[in-house]
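Reading through the structure tokens given below for one structure.
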There are 2 protein chains.
Amino acid sequence: MTVTLADVAARAQVSPATVSRVLNGNYPVAATTRERVLRAVDELDYVLNGPASALAAATSDLVGILVNDIADPFFGIMASAIQGEIGGPGGRAGGERLAVVCNTGGSPERELTYLTLLQRQRAAAVVLTGGAMENAPHAAAVAAKLRKLGEAGTRVVLCGRPPAPDTGAFALTFDNRGGGRELTEHLIGLGHRRLGYIAGPEERTTTRHRLEGHREALAAHGIVEDPRWTVHGRYDRRSGYEATLELLRRDPSLTAVVAANDSVAVGASAALRESGLRIPDDVSVAGFDDLPFSVDAVPSLTTVRLPLSEAGARAGRIAMGREEPPPGGIATVRGELMVRGSSGVPRK
Amino acid sequence: MTVTLADVAARAQVSPATVSRVLNGNYPVAATTRERVLRAVDELDYVLNGPASALAAATSDLVGILVNDIADPFFGIMASAIQGEIGGPGGRAGGERLAVVCNTGGSPERELTYLTLLQRQRAAAVVLTGGAMENAPHAAAVAAKLRKLGEAGTRVVLCGRPPAPDTGAFALTFDNRGGGRELTEHLIGLGHRRLGYIAGPEERTTTRHRLEGHREALAAHGIVEDPRWTVHGRYDRRSGYEATLELLRRDPSLTAVVAANDSVAVGASAALRESGLRIPDDVSVAGFDDLPFSVDAVPSLTTVRLPLSEAGARAGRIAMGREEPPPGGIATVRGELMVRGSSGVPRK
DNA sequence: AAGAATCCAGCAAGCGCTTTCTATATATGC
DNA sequence: GCATATATAGAAAGCGCTTGCTGGATTCTT
């Protein structure tokens with residue numbers, strides 16, 4: 001059998017209550033007693049039973065982090081930053097929390113199931129990262145879940161996600177629309193008038209906002225968009241590669257390709273190169289996020305930097321109640337345009 | 001108050017026991033009764049209390065995945081594959097398990113603390129990914145923990161990590177040494193005789209094995225290594241960049257740079273380019289892992305492909321008891337040499 | 001058609017901890 | 001020195017669920 005609190009108590013010749021108090025350090029215990037208990041714990045190699053503790057105390061030390069794709073550094077970086085603030089192990093004693101990353105794979109059902117599982121575990125906090133699905137019934141279901149979680153005392157924070165009104169969740173929203181606009185404006189400023197756009201998956205807020213920003217910029221400069229200039233795909237390299245080929249097929253006269261994110265942009269670059277086009281001489285390329293590899297692309301990628309680490313850290317602190325939530329519960333995080341080698345004046 | 005089993009039972013006019021059995025589906029319940037219970041669950045929006053359930057049943061549905069750096073796709077890809085097999089949500093009903101990713105940040109203490117936390121939660125399984133620290137006392141502590149976990153019924157699987165003898169853990173080990181040897185042999189075959197090596201952090205099995213493979217290849221071809229040719233660093237781009245500058249300073253006559261992994265290789269490439277050296281005309285570059293971005297590097301990166309996804313999936317299945325563990329509990333996973341544009345014959 | 005086998009549901013005893021309340025022992029005030 | 005605060009430890013009542021056991025109602029056997 002595994003060692004229980006009672007065993008420790010017996011060995012230290014105290015009551016179970018005392019052992020519990022020593023372990024939790026939330027009640028005065030005489031130094032000599034504490035000493036004795038600690039020794040017994042050590043000798044017996046006792047490990048607290050988490051579920052029992054959670055049940056009795058009606059609290060848990062679990063913090064959930066939901067990500068769309070854990071293999072994507074975009075999420076990895078945020079998750080890492082969040083986890084860093086959760087303390088996880090490494091934080092000072094007592095505040096030991098198990099930060100767990102849950103990979104939804106972009107599936108609405110999994111997102112919901114994970115939320116239920118976390119609710120079931122009575123998680124102390126939940127951080128949802130990245131764009132939300134825009135499917136109406138699902139959005140409503142998620143909102144309902146978040147409200148429930150909040151009511152049960154779980155702190156809910158959205159990081160890089162639009163606010164969820166009436167759920168009590170705090171939101172750190174990325175200004176995807178603004179970033180998209182700025183990026184395209186940069187390209188327009190260089191002289192581009194025929195711009196292809198590789199969008200992310202449909203029904204995702206991130207996809208829509210970035211695309212809207214792009215279109216705002218076009219509209220602001222009186223550029224009439226050709227419907228053939230937009231292709232939807234996934235947020236990965238391969239998708240960028242294929243979409244670019246498609247774009248080129250539809251309109252070989254494009255002088256710039258704006259991608260939904262950096263991975264897509266890298267795929268796009270590969271497709272352009274293989275099509276015999278030089279970057280940026282023949283076609284300019286732009287990404288979004290400024291992931292670590294973007295600066296190493298050749299030529300280095302023009303993109304919009306999102307402070308993923310900073311935002312994640314802040315979300316983590318808010319989730320832990322260690323930082324004041326933003327006024328109104330909502331804060332907008334801006335991106336910063338990074339002009340690099342992949343964008344230049346259009347070819348004649 | 002939150003809804004409890006008893007509330008559901010009352011509403012469905014059955015005993016709590018029956019509700020529990022309906023929910024767990026491990027005991028015969030009349031169809032009409034089940035129907036009634038399910039309706040009550042729905043109407044009350046009941047969510048099982050995880051800790052209570054885990055306590056009573058003495059089991060948990062938590063599966064832990066330990067990674068060194070969640071922001072690194074190397075781990076992200078494995079974690080994703082593991083989680084995919086854990087079922088997590090998405091697996092068929094009943095088998096719902098919460099796969100949680102724990103980020104150790106490469107810190108021995110955090111690794112240990114996470115293991116304790118998982119032990120505390122009575123995790124159903126634990127998968128440790130990536131290289132282990134070689135610090136002796138720590139290794140012993142981890143081994144002891146793993147043994148304890150195993151004894152408590154937690155299935156322990158190592159993925160991309162050397163076996164931990166006498167712990168009962170199953171191991172899917174990457175053949176880092178063999179891969180390193182093959183890679184360097186390729187370079188030697190091209191004619192290189194002066195090869196720089198950017199190793200990972202010291203006291204890590206992955207670092208050591210790859211380096212040993214490299215040296216085996218050198219030795220096998222009678223190449224005497226200059227101590228100045230090896231630099232240690234972290235497993236990231238920046239480290240590769242700095243180490244390469246250092247390498248160039250120490251011996252500008254190097255004709256090849258072998259990196260501990262792809263990220264480091266990309267950083268190395270950047271440093272070489274900025275130093276006015278062409279790849280591979282002036283200096284060849286090689287990485288390890290074959291992460292997704294490696295094929296997009298310019299020139300594309302010669303590297304050793306590790307089947308991260310496949311290995312992770314297999315580890316996940318073994319952890320879930322859905323696949324026979326390898327004979328002897330240990331399997332070696334080989335890498336595959338990917339010769340691409342970044343390696344060529346040495347300059348004259 | 002009576003006894004045996006089969007179903008299905010309930011009772012109740014925990015699972016291992018936390019915490020309120022109570023009891024004892026020592027310290028403090030006047 | 002006696003009454004009153006102040007520490008410290010214990011007793012015991014759950015927390016919400018699972019499950020072995022029990023028993024009444026059905027169905028099967030011969």
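A note on names: the letters A, B, ... follow the listed sequences, proteins ahead of strands, and every chain is numbered from 1.
- Residues A:I65 and A:V67 meet the side-chain proximity criterion, which asks for heavy atoms closer than 4.5 Å.
- Listed nucleotides C:dC17, C:dT19, D:dT19 differ in distance to B:A17; the shortest reach to its side chain belongs to D:dT19.
- You'll find the side chain of B:L23 reaches within 4.5 Å of the side chain of B:V41, heavy atoms only.
- A heavy atom closer than 4.0 Å to some atom of DNA chain C occurs in B:L55, B:A56, these being the qualifying members of residues 49-58 of chain B.
- In this structure, B:L23 places its CG atom 9 Å from P of D:dC17, rounding to the nearest Å.
- Mapping B:T32 and A:T18 onto DNA chain C by nearest heavy atom places B:T32 at the nucleotide closer to the 5' end.
- The shortest distance between the side-chain N/O atoms of B:S15 and the OP1/OP2 oxygens of C:dC11 is not below 4.0 Å.
- Summarising the geometry, the separation between CG on B:L48 and P on C:dC15 is reported as 20 Å, rounded to the nearest angstrom.
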Atom pairs under 3.5 Å, N or O on each side, protein against nucleotides 25-28 of chain C: can you list them with distances?
none

Counting only pairs under 3.5 Å, give me each side-chain donor-acceptor contact of residues 51-59 of chain A, with atom names and distances, residues two or more places apart or in other chains.
none

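- Residue B:N26 is classed as a sugar-phosphate contact, given heavy-atom separations below 4.0 Å to backbone atoms only.
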Compile the donor-acceptor pairs under 3.5 Å between side chains in residues 127-144 of chain B and protein atoms, sequence neighbours left out, one pair per line.
| unit_1 | atom_1 | unit_2 | atom_2 | d |
| --- | --- | --- | --- | --- |
| B:T129 | OG1 | B:L66 | O | 2.7 |
| B:E134 | OE1 | B:R208 | NE | 2.7 |
| B:E134 | OE2 | B:R208 | NE | 3.0 |
| B:E134 | OE2 | B:R208 | NH2 | 2.6 |
| B:N135 | OD1 | B:H138 | N | 3.2 |
| B:H138 | NE2 | B:P108 | O | 3.3 |
| B:H138 | NE2 | B:E111 | OE2 | 3.4 |

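- Taking side-chain N and O atoms only, B:S20 has a distance below 4.0 Å to OP1 or OP2 of D:dT18.
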Could you go through nucleotides 6-8 of chain C and list every protein N or O atom that sits under 3.5 Å from one of its N or O atoms, giving the distance for each pair?
none

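- Applying the side chain to side chain donor-acceptor pair (under 3.5 Å) rule to A:N49 yields no partners; only residues at least two apart in sequence or on another chain are considered.
- Looking at B:T33, B:V29, B:V8 one by one, the single match for side-chain contact (heavy atoms from CB on, under 4.5 Å) with B:V22 turns out to be B:V29.
- Scanning atom types as modelled, one donor and one acceptor separated by under 3.5 angstrom connect the side chain of A:R21 and the base of C:dT20.
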